[in-house]
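None of the values given here were measured: they were computed from a predicted structure.
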Amino acid sequence: MTTHHSKVLILGSGPAGFTAAIYAARANLSPILVAGMQPGGQLTITTDVENYPGFAAAIQGPWLMEQMQAQAEHVGTRFFADTIVAVDLKARPFSCTGDSGDLYTGDTLIIATGAQARWLGLPSEQKFQGFGLSACATCDGFFFRDKEVAVVGGGNSAVEEALFLANMASKVTLIHRRDKFRAEKILQDRLFANPRIRVLWNQVVEELAGEANPPSLKKLKLRDTKTGAASELAVDGLFVAIGHDPNTGLFKGQLAMDAEGYIVTKPGTTQTSVPGVFAAGDVQDKVFRQAVTAAGTGCMGALEADRYLAHHGQVASVAAQ
């Protein structure tokens, strides 16, 4: 077993983790970043990205994450392609055990392990991810201007996604497995009043179908939950809005979390319930869930870690420029 120590230990390699690493490295803190199970985060399964500032033309999600990693390493981040399997936040320094058997310790810890969208669990989903199938209307809705799309779900997120898509799609079909929504009444009122949106009650999506090369979603195969009757729906895109799961299992019982498992941070900061531990990105943000907001909180986490270390006399604070 090898032990790797840093003043700033970062878990996660999405926009939040890499931005934290860039700022911590530029503050002369020589951070360690442990990539996790999905190096690059959710952007590695995203094709065209048009809403990340600084790029006039669409860029590829995996390329953007490669650039972030290269930048983080260039300024001094030590990168480890390992997955953390155990965490101890009770002792100082904080310690994290990797699947490799190595031990990673940090005087401060920035958690940027992200969240994962819940999918329908269909074999055909993987084929169409990024090719008509999405879990983020804010991210991908622009690609479906004047096209027909569907949304799956029945809570606030699903109704909000449908309302957002109605601003650009020619037609939005909201598919729900029950005969009433869980969403707030005011959102339902807006939904039912929108002429571009229709609702299919008591329906589940059983299969996605379309063209294979290149992949292109064309239709959904549906089943009525009451009668069992099968039907098909022609669509250009499908948005799954049945929730997200934050990757916080390792921290249960050690950090304060909300009812959905998101790490609770002090308002306006990335500070968690344990001093010296910070949380950034989708692991603590269930509202926006955007690459640019994740990057912003990653910056905050690094600056707060620097100030924490300076306050405790462990490093002379160097402002990250």
Side-chain angles (χ1 to χ4, degrees), residues 1-25 27-42 44 65 68-69 72-73 76-116 245-257 261-265 269-285 294 297-309 312 314-315:
M1 179 184 75
T2 304
T3 298
H4 311 277
H5 179 75
S6 174
K7 292 185 179 297
V8 179
L9 174 59
I10 301 165
L11 306 184
S13 55
F18 280 133
T19 304
I22 291 164
Y23 273 78
N28 295 332
L29 297 174
S30 300
I32 284 175
L33 185 148
V34 184
M37 291 187 66
Q38 188 178 10
Q42 293 188 79
T44 58
M65 299 320 301
M68 286 192 186
Q69 178 177 340
E73 292 182 302
T77 301
R78 289 175 284 165
F79 180 89
F80 291 87
D82 202 351
T83 300
I84 300 302
V85 295
V87 173
D88 183 1
L89 304 182
K90 298 179 179 64
R92 306 294 175 111
F94 305 116
S95 63
C96 302
T97 304
D99 184 62
S100 65
D102 284 5
L103 185 67
Y104 304 90
T105 62
D107 297 322
T108 59
L109 176 66
I110 299 176
I111 300 169
T113 49
Q116 293 181 325
D245 294 312
N247 298 317
T248 55
L250 288 170
F251 312 103
K252 287 183 178 177
Q254 301 191 70
L255 290 174
M257 299 182 189
Y262 288 85
I263 296 175
V264 174
T265 53
T269 78
T270 60
Q271 299 169 26
T272 71
S273 57
V274 174
V277 178
F278 308 90
D282 291 6
V283 77
Q284 53 85 229
D285 171 23
T297 54
C299 165
M300 291 167 60
L303 295 178
E304 289 188 289
D306 179 32
R307 292 166 187 163
Y308 176 88
L309 292 166
H312 288 79
Q314 292 175 271
V315 65

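Summarising the geometry, atom NE2 belonging to His5 is positioned 5.0 Å from atom OG1 belonging to Thr105; distances are rounded to the nearest 0.5 Å. We find the CG-OG1 distance between Asp102 and Thr3 to be 7.5 Å, quoted to the nearest 0.5 Å. Here the OG1 atom belonging to Thr265 is positioned 11.0 Å from the CD1 atom belonging to Ile111, to the nearest 0.5 angstrom. To the nearest 0.5 Å, atom CG of residue Asn28 and atom NZ of residue Lys7 are 11.5 Å apart. To the nearest 0.5 Å, atoms CG (Asp88) and SG (Cys96) are separated by 9.0 Å. Separating the CD1 atom in Ile10 from the OG1 atom in Thr108 is a distance of 8.0 Å, to the nearest 0.5 Å.
Here the closest non-hydrogen pair linking Ala25 and Thr77 is CB-OG1, 3.8 Å. Minimum heavy-atom separation, Leu103 to Ser95: CD1-CB, 4.0 Å. Between Ser273 and Ala256, the shortest heavy-atom distance links the atoms OG-N, 2.9 Å. For Pro31 against Ala21, the heavy-atom pair with the smallest separation is CG-O, 3.6 Å. Across all their heavy atoms, Thr297 and Ala280 have their closest contact at O-CB, 3.4 Å. Smallest separation of non-hydrogen atoms from Ala112 and Gly17: CB-N, 3.6 Å.
Side-chain contact between Thr113 and Phe251: present, with at least one pair of heavy atoms (C-beta onward) separated by less than 4.5 Å. The shortest distance between side-chain heavy atoms of Leu9 and Phe94 does not fall below 4.5 Å. The shortest side-chain heavy-atom distance between Phe18 and Leu33 falls under the 4.5 Å cut-off. The side-chain heavy atoms of Pro15 and Met68, taken from C-beta on, include a pair separated by under 4.5 Å. Between Val274 and Leu255, the closest side-chain pair of non-hydrogen atoms falls below 4.5 Å. Contact annotation: the side chain of Asp82 approaches that of Asp99 to within less than 4.5 Å [non-hydrogen atoms, C-beta and beyond]. Put simply, the side chain of Val8 reaches to within 4.5 Å of the side chain of Leu309, judged on heavy atoms. Counting heavy atoms from C-beta on, the side chains of Tyr262 and Met257 never come closer than 4.5 Å.
A donor-acceptor contact shorter than 3.5 Å is absent between the side chain of Gln69 and the backbone of Phe79. When atom types are taken as modelled, the side chain of Thr272 and the backbone of Ala279 share no donor-acceptor pair closer than 3.5 angstrom. Put simply, the side chain of Thr19 never gets that close to the backbone of Ala16: no donor and acceptor are under 3.5 Å apart. A donor-acceptor pair is defined here as one N or O able to donate and one able to accept, closer than 3.5 Å; no such pair exists between the side chain of Glu304 and the backbone of Phe278.
Within a 6.0 Å sphere centred on CD of Gln116, heavy atoms belonging to other residues, nucleotides or ligands number 12 at most.
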### Derivation of the side chain to side chain contact (heavy atoms under 4.5 Å, CB included) call for Gln284 and Thr270
CA-CA 9 Å; Gln284 53 85 229; Thr270 60; 5.7 Å; no
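The aromatic rings of Tyr104 and His4 sit parallel, their planes meeting at an angle under 30°, below the 60° perpendicular limit.
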